[in-house]
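Worksheet: one structure, shown below.
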Amino acid sequence: MAIRTWAPPGPYDLGRTLGVLARGPGDPAYRVTPDGAVWRASRTPQGPGTLRVSAAHGEVHAEAWGPGADWLLETLPALLGATDDPAAFTPRHRLLHETHRRNPGLRLARTGLVLESLIPSILEQKVTSDEAYRAWRLLLQRHGEPAPGPGPRMRVMPDPRAWALIPSWDWHTAGVDSKRSATILRAARVASRLEEAAGMADTEASARLQLVPGIGPWTAAETLQRSNGAPDAVTVGDLHLPKIVGYALTGARGTDDEAMLDLLTPYEGQRHRACRLILLSGVVPPRRAPRFSVRDFSRI
């Protein structure tokens, strides 16, 4: 076990900062224990590692296990949002001002691991969240490896070669169609080149990811928000986000991507943070239709 302590420069909210890294309540690579500690299982450049992070008395205490322990602790401040600058955001709407005021400890996490965020983002393409979370959970349980160290039972995601060796029937059983599985296989073949995006400027990083067929602006933004802590990586092409942003800022329904980007123009450079705050506000348009039913591709 290796340990490290980091002192945030101001108010800090561990749960909200790292919570976006969880892929559903049953994510095998992310756990929150009853004591409030956050556990993450990651595949680092040095190998698998498990990280336990807890906050108390103005400090964040971290412990790590496995071959990737040193890497996880070395990059801990960035993961916790040390490279993020919340002061760069100036709210220009009452709702954003109030949500920003109520969440002074929110930081944008930066994992520095591209594939870890890219693959679950691909799984989330064109399906419900529940479908994507189930697929991620099943694939890690079947093809991941046990996370090192003590703590809750967790799984480290497969390495690129293991992703490439997943048989077609396991993709099918997990409910992943051929288009998404093929995109993941293409990404796995060039994993080392995609990981370089973690050290690039956001625009160049997005362009690098989108060189892979099947990865578009939506998937690239969802990835870079986590791997790079990109404050301006606004998600376009989402079914719900434009409507939520439009309703929160104007009260209008049916906002599309173009109108959403227009509304977010005053927050250029911080548009992702603005969207995070809008989502945290809880202001959403009233539902007029039932939720999409979860499709079971494994029975097709």
Side-chain angles (χ1 to χ4, degrees), residues 1-6 14 17-24 26-33 35 37-55 59-83 109-123 136-166 170 184-185 187-200 205 208-209 223-224 226-229:
M1 181 183 70
I3 61 174
R4 180 173 182 176
T5 299
W6 179 71
L14 178 66
T17 297
L18 297 185
V20 296
L21 304 180
R23 302 294 181 161
D27 186 346
Y30 188 100
R31 293 281 191 268
V32 179
T33 48
D35 60 359
V38 175
W39 292 75
R40 295 189 68 241
S42 296
R43 184 168 297 281
T44 77
Q46 296 176 359
T50 302
L51 180 70
R52 178 189 183 274
V53 188
S54 59
E59 290 186 335
V60 178
H61 181 72
E63 303 162 275
W65 297 264
D70 289 343
W71 189 93
L72 288 170
L73 293 183
E74 180 183 350
T75 59
L76 177 72
L79 172 70
L80 299 175
T83 58
R110 182 187 184 109
T111 67
L113 299 170
V114 174
L115 215 63
E116 178 182 274
S117 294
L118 175 61
I119 289 179
S121 295
I122 294 172
L123 292 174
W136 175 249
R137 183 171 64 250
L138 290 178
L139 291 168
L140 261 62
Q141 288 170 348
R142 294 175 184 176
H143 299 282
E145 61 184 272
R153 295 175 61 184
M154 301 176 69
R155 306 288 288 181
V156 178
M157 79 168 199
D159 62 20
R161 183 174 184 275
W163 282 113
L165 293 176
I166 295 176
D170 275 0
I184 290 173
L185 295 179
R189 294 189 191 105
V190 293
S192 60
R193 295 287 288 165
L194 296 182
E195 291 294 349
E196 293 173 359
M200 296 179 175
R208 172 68 63 87
L209 296 184
T223 301
L224 297 176
R226 297 165 174 83
S227 65
N228 293 31

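What you see below is based on every heavy atom in this structure, not just the backbone, and it leaves out hydrogens, waters and symmetry mates.
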Where the side chain of [X] meets the backbone of [Y], is there a donor-acceptor pair that is under 3.5 Å apart?
| X | Y | result |
| --- | --- | --- |
| Arg137 | Asp27 | no |
| Thr50 | Trp65 | no |
| Thr44 | Gln46 | yes |

Would you say that [X] contacts [Y] through its side chain, given a criterion of any heavy-atom pair below 4.5 Å between the two side chains?
| X | Y | answer |
| --- | --- | --- |
| Ser121 | Arg23 | yes |
| Leu224 | Val114 | no |
| Leu21 | Leu79 | yes |
| Pro152 | Thr33 | yes |
| Pro158 | Leu140 | yes |
| Leu113 | Pro45 | yes |
| Ile122 | Thr223 | no |

Value rounded to 0.5 Å, distance of [atom1] in [X] from [atom2] in [Y]:
| X | Y | atom1 | atom2 | value |
| --- | --- | --- | --- | --- |
| Ser227 | Leu194 | OG | CG | 10.5 Å |
| Leu80 | Leu14 | CG | CG | 7.0 Å |
| Ile3 | Arg52 | CD1 | CZ | 12.0 Å |
| Arg4 | Leu51 | CZ | CG | 11.0 Å |

Test log, rule side chain to side chain contact (heavy atoms under 4.5 Å, CB included), inputs Ile166 and Leu185: CA-CA 9 Å; Ile166 295 176; Leu185 295 179; over 6 Å; no

Under the rule for side chain to side chain contact (heavy atoms under 4.5 Å, CB included), what residues qualify as partners of [X], not counting sequence neighbours?
| X | result |
| --- | --- |
| Val32 | Tyr30, Val38 |
| Ser192 | none |
| Ala191 | Leu115, Pro160 |

Minimal heavy-atom distance between Arg110 and Asn228, with the atoms involved, is NH1-O, 2.9 Å

For Gly49 against Pro148, the heavy-atom pair lying closest together: CA-CG, 3.9 Å

Would you please name every residue forming a salt bridge (Lys or Arg N to Asp or Glu O under 4.0 Å) with Glu195, sequence neighbours left out? none

Tell me every residue that passes salt bridge (Lys or Arg N to Asp or Glu O under 4.0 Å) with Arg193, counting only those two or more places apart in sequence or in another chain. Glu196

Start with the C-alpha distance between Ile119 and Leu139, add both sets of side-chain angles, then the distance that settles side chain to side chain contact (heavy atoms under 4.5 Å, CB included), and finish with yes or no. CA-CA 11 Å; Ile119 289 179; Leu139 291 168; over 6 Å; no

Would you list the pairs meeting salt bridge (charged side-chain N to carboxylate O under 4.0 Å, His left out) in which at least one residue belongs to residues 151-165, sequence neighbours left out? none

Salt bridge (charged side-chain N to carboxylate O under 4.0 Å, His left out) contacts in which one or both residues fall within residues 39-48, not counting sequence neighbours: Arg40-Glu116, Arg43-Glu145

Listed pairs under 3.5 Å, donor-acceptor, residues 66-78 side chains, sequence neighbours left out:
from  : atom 1 : to    : atom 2 : distance (Å)
Thr75 : OG1    : Trp71 : O      : 2.9
Thr75 : OG1    : Leu72 : O      : 3.4

For Trp163, all residues meeting ring pair (Phe, Tyr, Trp, His ring centres under 6.0 Å), sequence neighbours excluded: none

